[in-house]
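Side chains are part of it too, since the values below use all heavy atoms of this structure and drop only hydrogens, waters and symmetry mates.
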Amino acid sequence: MKRNPRKLSWTKSFRRAHGKELPIDGTLLGSMSQRRNIPVRYNRETVARTLEAMTRIEEIRSRRELRFYKERMKGNKARQLEADRKLVEENQHLLPVEERERVEGLVKDMEVMEDGEQDAEAALVGEESGEEEEDVEMSTLTPEEERALAKEEAARKAKTTPKKGTKAKGKRKVAVVGQTEGMDVDA
């Protein structure tokens with residue numbers, strides 16, 4: 001069955017046509033790749049210039065490949081971070097209680113930051129139009145208030161996390177029947 005190679009995603013022609021791979025650049029090849037039917041007599045200077053040109057072309061190609069790769073991967077970090085946030089938000093019920101509370105706090109902080117960015121944009125638009133707005137002072141916590149908040153958070157964590165080495169609440173009864181032991185759970 002014949003297929004168009006530019007439509008099959010695994011072919012080189014597809015990758016070049018859709019910007020996935022660096023296309024072959026004719027400016028670098030120039031006279032280097034031209035076929036010659038006339039044999040060229042050996043000349044030491046020509047060989048030396050050819051070798052220098054080959055190294056220079058390889059340097060240029062490697063720089064172009066790196067630039068092309070960086071351009072293609074430019075938005076990946078932000079997209080992956082957003083996908084991770086979305087995954088955590090959708091599956092918070094799978095997280096431990098302490099982590100869930102921390103994630104909820106981070107989500108609220110993100111919402112506040114987004115609101116703050118919108119307010120900042122509105123302020124910029126207001127300045128451009130010549131309107132003046134009052135400065136709003138941000139309330140900051142004193143060191144004593146920060147310590148008190150840290151103590152409250154530590155106390156809340158201590159209540160929610162069980163201590164290591166604690167036993168189960170219910171006692172188990174073990175009955176010996178003949179040569180084997182049987183267990184009853186929480187009598």
message: Looking at R3, I want to see if its CZ is surrounded by more than 12 non-hydrogen atoms of other residues, nucleotides or ligands under 6.0 Å.
response: no

message: Is there a continuous path of hydrophobic side-chain contacts, each under 4.5 Å between heavy atoms, that joins V47 to M54?
response: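 Yes: a chain of side-chain contacts under 4.5 Å links V47 to M54.
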
message: According to a hydrophobic-cluster definition based on side-chain heavy atoms being under 4.5 Å apart (Ile, Leu, Val, Met, Phe, Trp, Tyr only), do Y42 and L51 belong together?
response: yes

message: Main chain of S13, side chain of R6: is a donor-acceptor contact present, judged purely on distance under 3.5 Å?
response: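 Checked: no pair found.
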
query: Given the rule in the salt bridge (Lys or Arg N to Asp or Glu O under 4.0 Å) test, do R49 and E52 qualify, once you have shown the distances and angles that lead to the verdict?
result: CA-CA 5 Å; R49 279 186 291 146; E52 289 173 10; over 6 Å; no

query: Is any NZ, NE, NH1 or NH2 atom of the basic residue among R102 and E99 found under 4.0 Å from an Asp or Glu carboxylate oxygen of the other?
result: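 Salt bridge between R102 and E99, a charged N being under 4.0 Å from a carboxylate O: yes.
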
- prompt: Do R56 and E59 sit within salt-bridge range, that is, some charged N less than 4.0 Å from a carboxylate O?
  reply: yes

[atom1] of [X] to [atom2] of [Y]: how many Å apart, nearest 0.5 Å?
| X | Y | atom1 | atom2 | value |
| --- | --- | --- | --- | --- |
| L87 | Q92 | CG | CD | 11.0 Å |
| Y69 | K74 | OH | NZ | 14.5 Å |
| K20 | K12 | NZ | NZ | 14.5 Å |
| L95 | E101 | CG | CD | 11.5 Å |
| N76 | L81 | CG | CG | 12.0 Å |

task: Could you tell me which non-hydrogen atom of R100 sits nearest to which non-hydrogen atom of H93, and how far apart they are?
output: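 The pair with the smallest heavy-atom distance is NH2-O, 3.6 Å.
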
Closest non-hydrogen atom pair, L22 against E65: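 Minimum heavy-atom separation between L22 and E65: CD2-CG, 3.6 Å.
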
message: Using the rule given for salt bridge (Lys or Arg N to Asp or Glu O under 4.0 Å), can you reason through E58 versus R61, listing the C-alpha separation, both sets of side-chain angles and the distance that settles it, and then say yes or no?
response: CA-CA 5 Å; E58 189 57 38; R61 182 179 290 133; 3.4 Å; yes

